[in-house]
Amino acid sequence: MILKALKKNKHVTVNYYENGLLQTFKGKIQNLNLTDQTLSLRDEKQNIFSIRLSGIKEIY
């Protein structure tokens, strides 16, 4: 169910772990790649950023 919600094209805030540190990213969902297990987000400046699904702590 969570993965279906991620497929909607909306703005989200993601808390995730990268190199042992908790990071926060705000953006619009660009792509959900289940093969590579990544979530791609686009920020306000139209930059695309990928986050590994295993590192995600919280999405709201």
Side-chain angles (χ1 to χ4, degrees):
M1 281 207 238
I2 295 170
L3 295 178
K4 286 183 183 179
L6 290 177
K7 291 186 115 178
K8 294 180 181 177
N9 198 10
K10 60 179 186 174
H11 285 86
V12 296
T13 301
V14 179
N15 291 333
Y16 64 98
Y17 286 102
E18 184 176 39
N19 298 326
L21 298 173
L22 186 62
Q23 305 285 329
T24 301
F25 188 87
K26 295 179 183 179
K28 192 172 185 180
I29 296 173
Q30 180 69 26
N31 187 24
L32 175 62
N33 188 334
L34 296 178
T35 304
D36 294 335
Q37 296 187 3
T38 58
L39 175 65
S40 298
L41 300 168
R42 183 183 302 248
D43 66 4
E44 299 85 26
K45 297 178 183 176
Q46 302 300 321
N47 296 323
I48 297 177
F49 185 76
S50 293
I51 301 171
R52 297 208 33 91
L53 294 178
S54 62
I56 295 175
K57 180 182 179 200
E58 186 176 29
I59 299 175
Y60 50 94

Requested in this report: Determine whether L41 and I48 make a side-chain contact, defined as any pair of heavy atoms from C-beta on separated by less than 4.5 Å.
Outcome: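 L41 does not reach I48 side chain to side chain.
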Requested in this report: Check the pair T13, I59 against side-chain contact (heavy atoms from CB on, under 4.5 Å), reporting the backbone distance first and the verdict last.
Outcome: CA-CA 6 Å; T13 301; I59 299 175; over 6 Å; no
Requested in this report: May I ask you to decide if T38's main-chain N or O and D36's side chain share a donor-acceptor pair within less than 3.5 Å?
Outcome: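 Side chain of D36 to backbone of T38: no pair is present.
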Query raised in the report: Does the side chain of N15 pick up a donor-acceptor pair with the side chain of T24 at under 3.5 Å?
Result: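 There is such a pair between these side chains.
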Query raised in the report: Is a side-chain donor-acceptor pair under 3.5 Å present for S40 with S50?
Result: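 Indeed, the side chains of S50 and S40 share at least one donor-acceptor pair under 3.5 Å.
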Pairwise distance [atom1]([X]) to [atom2]([Y]) - rounded to 0.5 angstrom:
X	Y	atom1	atom2	result
K28	R42	NZ	CZ	8.5 Å
L22	N19	CG	CG	12.5 Å
L39	F25	CG	CZ	9.5 Å

Query raised in the report: Would you call the rings of F49 and Y16 parallel, tilted or perpendicular, where under 30° means parallel and over 60° means perpendicular?
Result: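 The rings of F49 and Y16 sit tilted, inter-plane angle from 30° to 60°.
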Query - side-chain contact (heavy atoms from CB on, under 4.5 Å) between Q23 and L21, intermediate numbers included - result: CA-CA 6 Å; Q23 305 285 329; L21 298 173; 3.7 Å; yes
Query raised in the report: Where do Q37 and L53 land on the side-chain contact (heavy atoms from CB on, under 4.5 Å) test, with the steps shown first?
Result: CA-CA 6 Å; Q37 296 187 3; L53 294 178; 4.3 Å; yes
Requested in this report: Applying side-chain contact (heavy atoms from CB on, under 4.5 Å), run through V12 and K26 and close with a yes or a no.
Outcome: CA-CA 6 Å; V12 296; K26 295 179 183 179; over 6 Å; no
